[in-house]
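The structure appears right after this line, and notes come after that.
The structure presented is a predicted model; accordingly, all values stated were derived computationally and were not measured. Numbers restart at 1 for each chain; the letters A, B, ... are given by sequence-line order, proteins then strands.
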Protein chains: 2
Amino acid sequence: MNQSKQKVKEQFHRFLSKKRLKATLQRSLILDAFLDLDRSTHIDELYLVLRGRHHHIGHATVYRALRLFIAAGIAREIYLGDGLTRYQVDGQGQRRDYLVCNDCGTVTEFDNSSTERHQDEAARTMGFTVQSLKIELRGLCSRCLTQQS
Amino acid sequence: MNQSKQKVKEQFHRFLSKKRLKATLQRSLILDAFLDLDRSTHIDELYLVLRGRHHHIGHATVYRALRLFIAAGIAREIYLGDGLTRYQVDGQGQRRDYLVCNDCGTVTEFDNSSTERHQDEAARTMGFTVQSLKIELRGLCSRCLTQQS
DNA sequence: TTAGGTGCAAAGCCTTTGCAGGGAG
DNA sequence: CTCCCTGCAAAGGCTTTGCACCTAA
């Protein structure tokens with residue numbers, strides 16, 4: 001866990017050097033908070049975590065940092081339609097399949113590359129060049145199902 | 001085509017009666033415009049179509065009508081992350097696969113039910129109960145590809 | 001020293017809501 | 001005649017931008 005976190009941080013620093021951008025304290029703190037959450041989150045949650053750690057980082061800075069993480073290939077955006085943008089760690093695992101629980105809102109990811117290839121081919125036959133793919137399944141996770149709320 | 005449109009309109013009127021809601025001119029015009037587009041659209045496009053037909057319907061009314069169509073099972077929302085909510089006819093055709101062009105932004109839809117079943121099973125093995133599914137492919141449509149912008 | 005970064009507040013967008021007047025049942 | 005609906009404008013909520021001051025390299 002911490003090892004992969006370290007790797008991501010190194011990846012981020014390489015990205016910054018390459019782009020001649022700066023490694024600031026704020027970016028480091030935001031990245032820490034983001035990686036510690038280890039699940040999909042949104043700006044406001046991140047912002048509150050940082051305040052909880054007694055770091056007063058501006059709202060705009062958090063937004064800007066997340067955009068940077070996306071450019072660096074560290075984060076990925078998810079839109080679930082609740083009006084806010086969610087972010088998730090974009091590991092090498094190529095996870096692009098999301099299970100969104102309609103009850104608790106948890107986002108689980110899983111790999112399903114065979115289906116993805118299948119899908120990709122279908123698109124190509126329509127003259128469409130695929131650059132990225134996202135599969136979103138909505139329903140109830142096992143925990144919410146048993147709780148029968 | 002017009003036959004299915006007629007069916008949807010009847011479905012909507014049944015919904016209205018059942019809920020003791022009113023069949024107004026605006027709702028009828030908005031539903032016509034929505035069904036005529038026959039593809040995913042967003043409020044503003046619908047609004048412009050209506051203005052083009054010389055109907056001055058308020059923005060809020062269009063929003064309210066779309067929410068009603070959703071409640072009636074006629075429309076479905078789609079979120080692609082461009083900041084606006086898209087709507088699509090929720091017909092029996094069950095199209096839930098979207099090709100989003102990163103260049104021109106066009107959304108094309110296609111059926112791929114075999115893949116969807118495949119995906120559904122994968123989720124079930126993880127204890128997840130699927131209620132809806134969305135597959136989103138992003139890339140370049142054939143037209144933008146040839147224009148090589 | 002210099003290009004980039006931060007924070008604040010203001011502006012931008014899409015969407016929803018409040019309210020007074022209007023219309024379907 | 002009674003609810004429900006419409007339109008306008010204002011308010012809301014998330015995200016981006018402008019600007020002056022600061023800081024990593």
inquiry  = Restricting to non-hydrogen atoms, name the atom on A:Thr85 and the atom on A:Tyr79 that form the minimum distance, rounded to 0.1 Å.
reply    = CG2-CE2, 3.7 Å
ask   = What heavy-atom pair brings A:Ile57 and A:Tyr47 nearest, and what distance separates the two atoms?
value = O-CE1, 3.0 Å
inquiry  = Just so I know, are the side chains of A:His42 and A:Asp82 near enough to count as touching, which here means a heavy-atom distance under 4.5 Å?
reply    = no
query = Looking at B:Tyr63, does any N or O in its side chain come under 4.0 Å of the phosphate oxygens OP1/OP2 on C:dT16?
reply = no
key: A:Arg138 and B:Gln131: side chain donor to acceptor below 3.5 Å   = no
Give me, pair by pair, the N or O atoms of the protein and of nucleotides 3-7 of chain C that are less than 3.5 Å apart, along with how far apart they are.
unit_1	atom_1	unit_2	atom_2	d
C:dA3	N3	A:Lys22	NZ	2.7
C:dG5	OP1	A:Arg27	NH1	2.7
C:dG5	OP1	A:Arg27	NH2	2.7
C:dT6	OP1	A:Thr24	OG1	2.7
C:dT6	O3'	A:Gln26	NE2	2.9
C:dG7	OP1	A:Gln26	NE2	3.1
C:dG7	OP2	A:Gly58	N	3.0
C:dG7	OP2	A:Thr61	OG1	2.6
C:dG7	N7	A:Arg64	NH2	2.8
C:dG7	O6	A:Arg64	NH2	3.3

Closest-nucleotide ordering on DNA chain C, the 5'-leading residue of B:Ala23 and B:Thr85 = B:Thr85
query = To the nearest angstrom, how far is A:Leu84 atom CG from C:dT16 atom P?
reply = 14 Å
request  = Taking the side chain as every heavy atom from C-beta outward, state whether A:Leu99 and B:Met126 have any pair of such atoms under 4.5 Å apart.
outcome  = yes
inquiry  = Quick one, B:Glu77 and B:Tyr87 - any side-chain contact, counting heavy atoms below 4.5 Å?
reply    = yes
query = Taking atom types as modelled, is there a side-chain donor on A:Tyr63 or A:Arg67 under 3.5 Å from an acceptor on the other?
reply = no
query = Just the endpoints, please: which first and last nucleotides of DNA chain D, 5' to 3', lie under 4.0 Å from a heavy atom of chain B?
reply = D:dC3 to D:dC8
query = To the nearest angstrom, how far is B:Glu77 atom CD from C:dC14 atom P?
reply = 16 Å
query = Given side chains that start at C-beta, do those of A:Ile30 and A:Phe69 come closer than 4.5 Å, heavy atoms only?
reply = yes
